[in-house]
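Everything on this sheet refers to the single structure shown next.
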2 protein chains.
Amino acid sequence: MSDERPDPGTVRPGGRTAKVREAVLRAAGDALAEDGFDRLDLAEIARRAGVGKTTVYRRWGTVPGLVADLLTEMAEESVSRTETGSLLGDLTAQARLVQSTLSDSRQGPLFKALITAAACDPQTAEALQRFYRIRTEEWAPCVTAAIDRGEVPEGTDPTEVVRAVSAPLYYRLLIAGDPIDQPMADRTAKAAATAARGGAFTR
Amino acid sequence: MSDERPDPGTVRPGGRTAKVREAVLRAAGDALAEDGFDRLDLAEIARRAGVGKTTVYRRWGTVPGLVADLLTEMAEESVSRTETGSLLGDLTAQARLVQSTLSDSRQGPLFKALITAAACDPQTAEALQRFYRIRTEEWAPCVTAAIDRGEVPEGTDPTEVVRAVSAPLYYRLLIAGDPIDQPMADRTAKAAATAARGGAFTR
DNA sequence: TCATTAACGCAACTGGAGTCCCGTTATGAG
DNA sequence: CTCATAACGGGACTCCAGTTGCGTTAATGA
């Protein structure tokens, strides 16, 4: 098999190709947020993006493939992190950021759809894990700083602490279904900080 | 509209109808666990259940409709709860039960698929919320008991504590993707207990 | 600027999920 | 037991998501 050809869009990625990709990913995000993962139709996305449906099918093939590419794109744009000087302050800032994202009328449904897509397709799951690994690594230093200050015990796993802040918010989004407000986010941060100080996240 | 007819299966629910429902729900569970939500085909389920596909389409109509019915069935079967006498003990028992369920080769994928289905359909979401509300209410008394013992402060929300135990495990199942083992479950229980004792879940 | 060909877009085509029709089975009331 | 009809099953049919073929546009390198 010496005549293997590269993926479409990789040989001439400039100009039109880039514009098409941008338009399609934008349209895919909109459609995901509005209609959800299962009602997604690649032809509809093509129409929204002002692009031939053949192009979408040829370059991304399936819905999970397209979502995986969208996640890769999203992983690239980083969020700036605040540094308050205390673990509770930092975790509260993190919780509030997640809260405002998940309760946003576009981002909330979008993230729900992204997680849904990841649950259905290994390739998308990998992209989602990469996305959250990057986010987690961005927030981990505030736990490391707390260790250095002696606020939490040596051997505390920063990843676990950061996840403990987000997890209950995602639980509400995906399972419980009730609203994700700021008091809730603050309580989550407080719980994680308390548990961390008590040494619950040591290996 | 005086000629509105009842849902199929409600007028003559005995004998054959009940057998069909049982077989179809069983097949649906198997298919969900094996193939996941998005690859579900009602005709395939009918074949597995040894039932005409027309029957499945007529009684349940859509995939989410069938999943919602499966969840209603699952909500009925209750799990017995252990009482250890300490909050940490009770929460650890709860965490280990969730852990063993989510890491089971059939139940894990099944729950992932159920949550996925709920994210795509309001009717299924309601059924899922009912299912977890029942489970939460079953576990809440162990927090109430801890309040009575003076182990955690007055005003602690039992629901929040119980959710805090499960949430990180579901986070792993749906987002992080890494294995859900018993040490992990124990850490989660310890974190929830520590946070509860520290008054993080008071309203 | 020009040639090469990657990438796009249109329109016709295909396969299979979901629907419909109608004959058969068997439930439950009298 | 008998009857009316709820519920089931097989198979034909429909409709549209996804594919294919081919002509057109434009990215890239010389």
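Chain naming here is simple, since letters A, B, ... match the order of the sequence lines and numbering starts at 1 in each. Everything quoted here is computed from the prediction, not taken from an experiment.
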What is the separation between atom [atom1] on [X] and atom [atom2] on [N], rounded to the nearest whole Å?
X: Arg47(B); N: dG18(C); atom1: CZ; atom2: C1'; answer: 17 Å
X: Ile45(B); N: dC8(D); atom1: CD1; atom2: P; answer: 15 Å
X: Trp60(B); N: dA17(C); atom1: CH2; atom2: C1'; answer: 18 Å
X: Arg59(B); N: dT19(C); atom1: CZ; atom2: C1'; answer: 19 Å

* Donor-acceptor pair (no angle test) under 3.5 Å: Thr62(B) side chain, dG18(C) base ->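 Side chain to base: no pair present.
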
Name each donor-acceptor pair under 3.5 Å that joins a side chain in residues 13-25 of chain A to protein atoms two or more places apart or in another chain, with its distance.
unit_1   : atom_1 : unit_2   : atom_2 : d
Thr17(A) : OG1    : Arg12(A) : O      : 2.9
Arg21(A) : NH1    : Asp69(A) : OD1    : 2.7
Arg21(A) : NH1    : Asp69(A) : OD2    : 2.8
Arg21(A) : NH2    : Glu73(A) : OE1    : 2.6

* Asked: Between the two end axes of the helix from dT1(C)-dA30(D) to dG30(C)-dC1(D), each built from 5 base pairs, what angle do you get to the nearest 10°?
  ->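 Here the local axes at opposite ends form an angle of 60°.
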
Polar atoms only, N or O, under 3.5 Å: list the protein pairs with nucleotides 27-30 of chain D and their distances.
unit_1  : atom_1 : unit_2   : atom_2 : d
dA27(D) : OP1    : Arg16(A) : N      : 3.2
dA27(D) : N3     : Arg12(A) : NH1    : 3.2
dT28(D) : OP1    : Gly14(A) : N      : 2.9

Protein-nucleic acid N or O pairs under 3.5 Å, nucleotides 14-18 of chain D:
unit_1  : atom_1 : unit_2   : atom_2 : d
dG18(D) : OP2    : Tyr57(A) : OH     : 2.9
dG18(D) : O5'    : Tyr57(A) : OH     : 3.4
dG18(D) : N7     : Lys53(A) : NZ     : 2.9
dG18(D) : O6     : Lys53(A) : NZ     : 3.1

* Asked: Looking only at atom types and distance, does a side-chain atom of Arg197(B) sit under 3.5 Å from a main-chain N or O of Glu151(B), one as donor and one as acceptor?
  ->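 Not a single qualifying donor-acceptor pair exists.
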
May I have the list of side-chain donor-acceptor pairs in residues 188-195 of chain A shorter than 3.5 Å, sequence neighbours left out?
unit_1    : atom_1 : unit_2    : atom_2 : d
Thr188(A) : OG1    : Met184(A) : O      : 3.0
Lys190(A) : NZ     : Gly199(B) : O      : 3.3
Thr194(A) : OG1    : Lys190(A) : O      : 2.7

Show the atom names and distances, to 0.1 Å, of all donor-acceptor pairs under 3.5 Å that link a side chain in residues 116-128 of chain A to residues at least two apart or in another chain.
unit_1    : atom_1 : unit_2    : atom_2 : d
Thr116(A) : OG1    : Lys112(A) : O      : 2.7
Asp121(A) : OD2    : Gln123(A) : N      : 3.2
Asp121(A) : OD2    : Thr124(A) : N      : 2.9
Asp121(A) : OD2    : Thr124(A) : OG1    : 2.8
Thr124(A) : OG1    : Pro64(A)  : O      : 3.0

